[in-house]
Amino acid sequence: MEGIVINIEGEAVELGSQGSGRGADDIVKKLKKISALALKSAEGSLFDISHITEIAENRDGTEFTAVTIDQPEGLAVCRHSTSHIMAHAVKDIYPGVKVTIGPSTEDGFYYDFDTDTPFTPDDLSAIEKAMQKIIKRNNPFVRKTMSKADAVKLFKAMGEDYKVEIIEAIDAGEVSLYEEGGFIDLCRGPHVPGTASIRAFKLLKTAGAYWRGDEKNKMLQRIYGTAFATQEELKRHIEFLEEVKRRDHRRLGRELDLFSIHDDIGAGLILWHPNGAMIRKTIEDFWREEHLKAGYKLLFSPHIAKIDLWKKSGHLDFYKENMYTPMDIDGADYEIKPMNCPFHIAVYKSALRSYRDLPIKYAELGTVYRYERSGVLHGLLRVRGFTQDDAHIFCRVDQIESEILDVLDFTLYVLRTFGFEKYDVYLSTRPDKYVGTLSNWEIATDALRNALEKKGIKYETDPGEGVFYGPKIDIKVKDSLNRQWQCSTIQVDFNLPERFDIAYRASDDKEHMPIMIHRALMGSLERFFGILIEHYAGAFPLWLSPVQVSVLTISERQADYAKETADILMKAGIRVETDLGDEKIGYKIRQSSLKKIPYAVLIGDKEMELRSLTVRKRNGENLSFADINNLLDFLREEIESRR
RNA sequence: GCCGGGAUAGCACAGUGGUAGUGCAGCUGAUUCGUAAUCAGCAGGUCGAGGGUUCGAAUCCCUUUCCCGGCUCCA
C-alpha cells in the first residue's frame, strides 16, 4: 500500500502501513471529522471510506480525494444510501415486499418494490418515521463481497427473486453486498459510513414502474424521495417543487383563460382561447417576419394526403405506430399528416432546380397529428394535434456547414427573444441502423461539428443517438427555474431526398441529389407555449401579453374620459381593456394584477383635469406620463425591444 | 397501453346509503371610494357517461370516457 495519498480538504495525507504515513484508522477518523461520505479515485470512481485498507491493497500508487455531501457525487451517495434505508424501513413494515433496485437520480432517489398492495400516502409517512429511527441508530454501512453463487444462494433463501435475477446477469465472479442494521442489499456502492450521515430527506410520491422499465414486465411500486445536505436545502427544494406547481401551465392556462382541453372534443386536442390565441398570433407574426428576413419561403400544405405518399416517404414503415388509421375518400386511402416533409418535397419537385437555386428554404407552421398513448398526454406539453414550426432546407453537400451556421444563429436569436438565455447543445451521431453512405454521414457530421465549433458553442456528443436518416443537433433550453426543455432540433436527412428521388442540375450539367435539413426552432407551438407560460409564470413580457394595458377608473365620473384614453391606445395598436365599474380602485388593481396585465392606467379626477397619466406596473411600481403620447412612446419602445 | 389516484355549480373544494353544501366568480341593488378583495340579496347542479344492487345511490358494484402522478436513470 505504498504511495497512497488521500486529499482531505486540500491536505494530502499519506496512508502508510508500518512507520511511514498515517494508519488507516487514523485517516478514517480524520475523514469522519469532516463528514466525508466517500473517496474518489483520480479516474473518478467512488469508494467507501470504511473500505480504505482494501483500496490500498488493491490500488497502489493512486491518489484519492475525500468526497463530502457538498459535492455532487457526495450528494448522490447520500441519496443512494437513503434509498437503502427506505428499503430497510419498507421491509421492516411490510416483510412480504420484494426489493428490486433503488438508485439515486438527478434530484433525489427512488426504490422499486414488488408488492400486491400499492403504497398509500399514509404508508409514506409511516415509512418516513421508520427511516428516522434507523437513521437515529447510526447503523454502519458494512461492505461485504461474496461469490456470485453464494450471493444467489443468500438472496434465494431470502426470497428476493429480483436480486437473484440481477446477480445472475452480473458479469463478474464476485458481487458486493451492503449490510446496515440487519438489512442486506446487493449493491455496487459506495455508501455513507453510517445511517446518521443522512441529515435531511423526504419521501415525495409513489408511482407504478415496470421492472427494468419494460412494459412486458411486471408493474412494480416505486417510491420517490429526495435527500439533501441540510434541512434548509431540503426546504428550498420543497419550495421549488411548490413553485413548479404554481407555474403549472395547465393551472395558469385556466386562470388566465389561455386554452382548454375538453373530454367531448378529445384527449390531446387544444382549444386556444382569445388570450392564448393572441399570444400565438404574436409568436407566429414574429416567426414569419424573421423567416422572411432569413431567406425562407413560406408554404401551406394540406392536412391529409394519399397513403401512397406516406409509403413512399417511409413513414408507414418507421412511423406507423404514431399515425392514425387512414380514411377512405372515393375509394382511396388518405392519411392525416404526422409530418410536413413530404409536402415540402413535392413543392421542391414541382420545378427543375439548378445548383444556382440552392439552398431552397421552405418554412411552414404546419399542423400535424400524431398518436400518443393516452397515459403520456400532458397539457400542452404532450398532445395529439400540434403545429410545428417546421422548415426544410434543400442544399448541396458543400453548403451544409454554412446552412447549419445560419440555422444555429437563427435558432439562438429566436430562443433569446423568448427569454431563453441558457441552453445545452447535443450533437447526435450515426446510430447502428442507418441509411445513406458512410461518406455522406461523415461529411454531414463534420459539418454539424464544425458549425458548432466555429460558433464556439459548447456541446456534448451523443454517440449513436442520431436519427437513422442523418445526424442532428438538439438544443435544450433552460427556463427561469433552470429546468431543461428540448425545443430546437436541426437534422440532416439523406433518406427522403433519395426516396423521392429529388435532384438539381449542377454546373457539370448532371443531375445531383440535394441534402435536406429539417429544423424546428420552437418544436411545436403548443408545447412551446406551455413552456413559455411556465417560464414567465404567466406574466408575459409586454410584446406577448394578450392584454397589454388596463384602464381603470377611480369612480364612474371618469368613465367617458377613460373610454377615450383606451380608444386612443387601441387605435395605436395597443391591446387594451377597461374596467369602468363601481368597484373600488383596489379591487380593480387586484383584478388587473391577477390577469398579469403589464400596465394599469389609473384615471381619477386629477388625471382628467391635468390630462396626465398615472400608470401602475404589474410589480406595483408607479410611473407617470405628461400625456398619452409619452405613454405611447414608452409602450412602443418596450414592445419593439421585445423585453 | 400499464399501475395508482381522481371527476360534485364557471373555478377551488366539502359531503361514506336517507331532502346536494362552502368560498371565489356571475347577476341585482346599495355604495362613487386613489394603488391587490365594499356591503347585502339572488340565481346557479341529470354529482363525467352508461348499466346494476337497494325501499332509497354523489356515496356500494360493473363498464366506459377523460384528467392527475409515474413507467430512461439499471445491484
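These numbers were taken from a predicted model, which means no experiment stands behind them. The sequence lines fix the lettering, A, B, ..., with proteins before strands; numbering per chain opens at 1.
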Considering every strand and a 4.0 Å limit on heavy-atom distances, what is the contact class for [X]: base, sugar-phosphate, or nothing?
X	value
A:I170	base
A:K588	nothing
A:G108	nothing
A:N622	base

Output yes when [X] and [Y] qualify as a salt bridge under the 4.0 Å nitrogen-oxygen rule, no when they do not.
X	Y	result
A:K595	A:E577	yes
A:K156	A:D161	no
A:E321	A:R373	no
A:E609	A:K606	no
A:E73	A:K40	yes
A:E372	A:R382	yes
A:R251	A:E534	no
A:R247	A:E243	yes

Open item on the list: Taking the side chain as everything from C-beta on, heavy atoms only, tell me whether A:L177 gets closer than 4.5 Å to A:F155.
Closed with: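 In short, these two side chains touch, coming nearer than 4.5 Å.
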TODO: Report yes if the side chains of A:V99 and A:F113 come closer than 4.5 Å at any heavy-atom pair, otherwise no.
DONE: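 Yes, close enough: below the 4.5 Å cut-off.
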Pairwise [atom1] distance for [N] and [M], with rounding to whole Å:
N	M	atom1	answer
B:U35	B:G44	C1'	34 Å
B:U59	B:U46	P	15 Å
B:G6	B:A49	C1'	16 Å
B:G10	B:G26	C1'	8 Å
B:G4	B:C61	P	14 Å
B:A57	B:G50	C1'	15 Å

Surrounding [atom1] of [X] (heavy atoms of other residues, nucleotides or ligands, distance under 6.0 Å), is the total greater than 12?
X	atom1	answer
A:K153	NZ	no
A:D116	CG	no
A:E106	CD	no

Task: Most 5' of A:E607 and A:Q591 on RNA chain B, judged by nearest nucleotide - done: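 Counting from the 5' end, the first nearest nucleotide belongs to A:Q591.
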- [ ] Could you check A:D116 against A:A172 and say which one's nearest nucleotide on RNA chain B is further toward the 5' end?
- [x]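 Closer to the 5' end of RNA chain B: A:D116.
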Open item on the list: Can you confirm if the aromatic rings of A:F228 and A:H237 lie within a centre distance of less than 6.0 Å?
Closed with: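 Ring-ring flag for A:H237/A:F228: true, centres closer than 6.0 Å.
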TODO: Could you tell me if the ring centre of A:H80 sits under 6.0 Å from that of A:H84?
DONE: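 Yes.
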TODO: Could you list by number each residue of residues 142-158 of chain A showing a heavy-atom separation from RNA chain B of less than 4.0 Å, or answer none if no residue does?
DONE: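 When residues 142-158 of chain A is checked for heavy atoms under 4.0 Å from RNA chain B, there are no hits whatsoever.
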- [ ] May I ask you to list the residues of residues 554-561 of chain A, by number, that have any heavy atom positioned under 4.0 Å from an atom of RNA chain B?
- [x]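 Contacts with RNA chain B under 4.0 Å: A:I554, A:S555, A:E556, A:R557.
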Please list, for nucleotides 38-45 of chain B, all pairs of protein and nucleotide N/O atoms separated by less than 3.5 Å.
| unit_1 | atom_1 | unit_2 | atom_2 | d |
| --- | --- | --- | --- | --- |
| B:U38 | O4 | A:E583 | OE2 | 3.4 |

TODO: Scan every strand shown for a Watson-Crick or G-U wobble partner of B:C47, both distances under 3.5 Å, and answer none if you come up empty.
DONE: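 Here B:C47 is not engaged in any pair, so there is no nucleotide opposite it.
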TODO: List for me each residue that meets salt bridge (charged side-chain N to carboxylate O under 4.0 Å, His left out) alongside A:R188, sequence neighbours excluded, and say none if there are none.
DONE: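 In terms of salt bridge (charged side-chain N to carboxylate O under 4.0 Å, His left out), with neighbours along the sequence ignored, A:R188 is linked to no residue.
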Can you name the atoms? Protein N/O to nucleotides 8-13 of chain B N/O, anything below 3.5 Å, with the distance.
| unit_1 | atom_1 | unit_2 | atom_2 | d |
| --- | --- | --- | --- | --- |
| B:A12 | OP1 | A:R254 | NH1 | 2.9 |

Write down the protein N/O and nucleotide N/O pairs, taken from nucleotides 69-74 of chain B, whose separation is under 3.5 Å; answer none if there are no such pairs.
| unit_1 | atom_1 | unit_2 | atom_2 | d |
| --- | --- | --- | --- | --- |
| B:G69 | OP1 | A:R250 | NH1 | 3.3 |
| B:G69 | OP1 | A:R250 | NH2 | 2.8 |
| B:G69 | OP2 | A:R250 | NH1 | 3.4 |
| B:G69 | OP2 | A:H378 | ND1 | 3.3 |
| B:G70 | OP1 | A:K205 | NZ | 2.8 |
| B:G70 | O3' | A:Y224 | OH | 3.1 |
| B:G70 | O2' | A:G208 | O | 3.4 |
| B:G70 | O6 | A:G375 | O | 3.4 |
| B:G70 | N3 | A:G208 | O | 3.4 |
| B:C71 | OP1 | A:Y224 | OH | 3.2 |
| B:C71 | O4' | A:G208 | O | 3.4 |
| B:C71 | O2' | A:Y210 | N | 3.3 |
| B:U72 | OP2 | A:G213 | O | 3.2 |

- [ ] Using whole Å, report how far CG of A:N619 lies from C1' of B:U35.
- [x]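 Distance check: A:N619 CG to B:U35 C1' gives 12 Å.
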TODO: Return yes if the base of B:G1 and the side-chain atoms of A:E321 contain a donor-acceptor N/O pair under 3.5 Å, otherwise no.
DONE: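 No, the side chain and the base share no sub-3.5 Å donor-acceptor pair.
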Open item on the list: Using 30° and 60° as the class boundaries, would you call the ring planes of A:F119 and A:Y94 parallel, tilted or perpendicular?
Closed with: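 A:F119 vs A:Y94 ring planes: perpendicular.
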